[in-house]
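Heads up, the thing below is written out as structure tokens.
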Amino acid sequence: MRNGLVSIKEMKWAIVCTFVGSALGAELVQYIDASLLTSLIPILLIAISLYFLLAPQTKESTSKQKMSESLFALSVGGGVGFYDGFFGPGTGSIFTVCFVVIGHFSLVDATARTKVLNFTSNIAALLFFILAGLPVWELGLVMALGGFLGARLGAKVVISKGQKWIRPLVIVMSMLMAIKLLWSEHSDWVLSFIVS
């Protein structure tokens, strides 16, 4: 925001829709088993990695968005916000892909806008989880501090180094998250296969 890459005024409807979507997701996850998503998310993260690996270099387009700003706010902001409140892994990558593919933004601008919506969905979910008395404060606050420091460093790298750093990082991080989720879901099977 300080570097002029993001205008909150331009993103106001996306912020509102993301907040509402995330709040609904955070409420719903308290009543529904989210284990189905655990199986689907690694596939989605691998697909995102492959998209950024194989897609041509993204440049800001002067052509019109594929959908209106209000429809983008409702569908992408609300939909991805809901997913983040409900489950979460890979939300930033999903937002970024949507900004690049649908919004025709450069990868740097898409990443900057992603941070605003990801922060919005995290705050909304956190508020509703606090109301339900669910946060594990000791672990959460340490992770928040680490996330804050890492995000500050990451934002400086993106602004100074630009797109050449974002693509490899998105690919690597999406693949690592997919592997982590697959491992935690199927580690018993993998270990028994190795032992036998």
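These numbers come from a predicted model, not from an experiment.
Counting only heavy atoms from C-beta outward, the side chains of Leu127 and Phe19 approach each other to under 4.5 Å. Side chains of Met175 and Leu45 form no contact here, defined as non-hydrogen atoms less than 4.5 Å apart. Here the side chains of Leu134 and Phe128 are not in contact, with every heavy-atom distance at 4.5 Å or above. A heavy-atom distance below 4.5 Å is not found between the side chains of Ile15 and Phe119. For the pair Phe99/Thr114, a side-chain contact is recorded, criterion being any heavy-atom separation below 4.5 Å from C-beta on. Counting heavy atoms from C-beta outward, Thr96 and Phe52 have side chains that approach closer than 4.5 Å. Val29 has its side chain within reach of Phe129: a pair of non-hydrogen atoms, C-beta onward, lies under 4.5 Å apart.
Residues Ile48 and Ile43 fall into different hydrophobic clusters, defined by Ile, Leu, Val, Met, Phe, Trp and Tyr side chains chained together at heavy-atom separations under 4.5 Å. Linking Ile, Leu, Val, Met, Phe, Trp and Tyr whenever their side-chain heavy atoms come within less than 4.5 Å puts Leu107 and Leu53 in one cluster. Under the 4.5 Å side-chain heavy-atom criterion for ILVMFWY residues, no single connected hydrophobic cluster contains both Ile123 and Ile130. In the hydrophobic clustering of ILVMFWY residues, with side-chain heavy atoms under 4.5 Å counting as a link, Phe72 and Val6 come out together. Taken together through direct or relayed side-chain contacts under 4.5 Å among Ile, Leu, Val, Met, Phe, Trp and Tyr, Leu71 and Ile102 form part of one hydrophobic cluster.
Going from atom OG1 of Thr18 over to atom CG of Leu74 covers 10.0 Å, rounded to the nearest 0.5 Å. Annotation: the span from Phe95 atom CZ to Lys115 atom NZ amounts to 11.0 Å, rounded to 0.5 Å. In this structure, CG in Asp84 is found 5.5 Å from CG in Asn118, a value given to the nearest 0.5 Å.
Tested against Tyr51 for a side chain to side chain contact (heavy atoms under 4.5 Å, CB included), the candidates Val97, Ile171, Ile46 yield a single pass: Val97.
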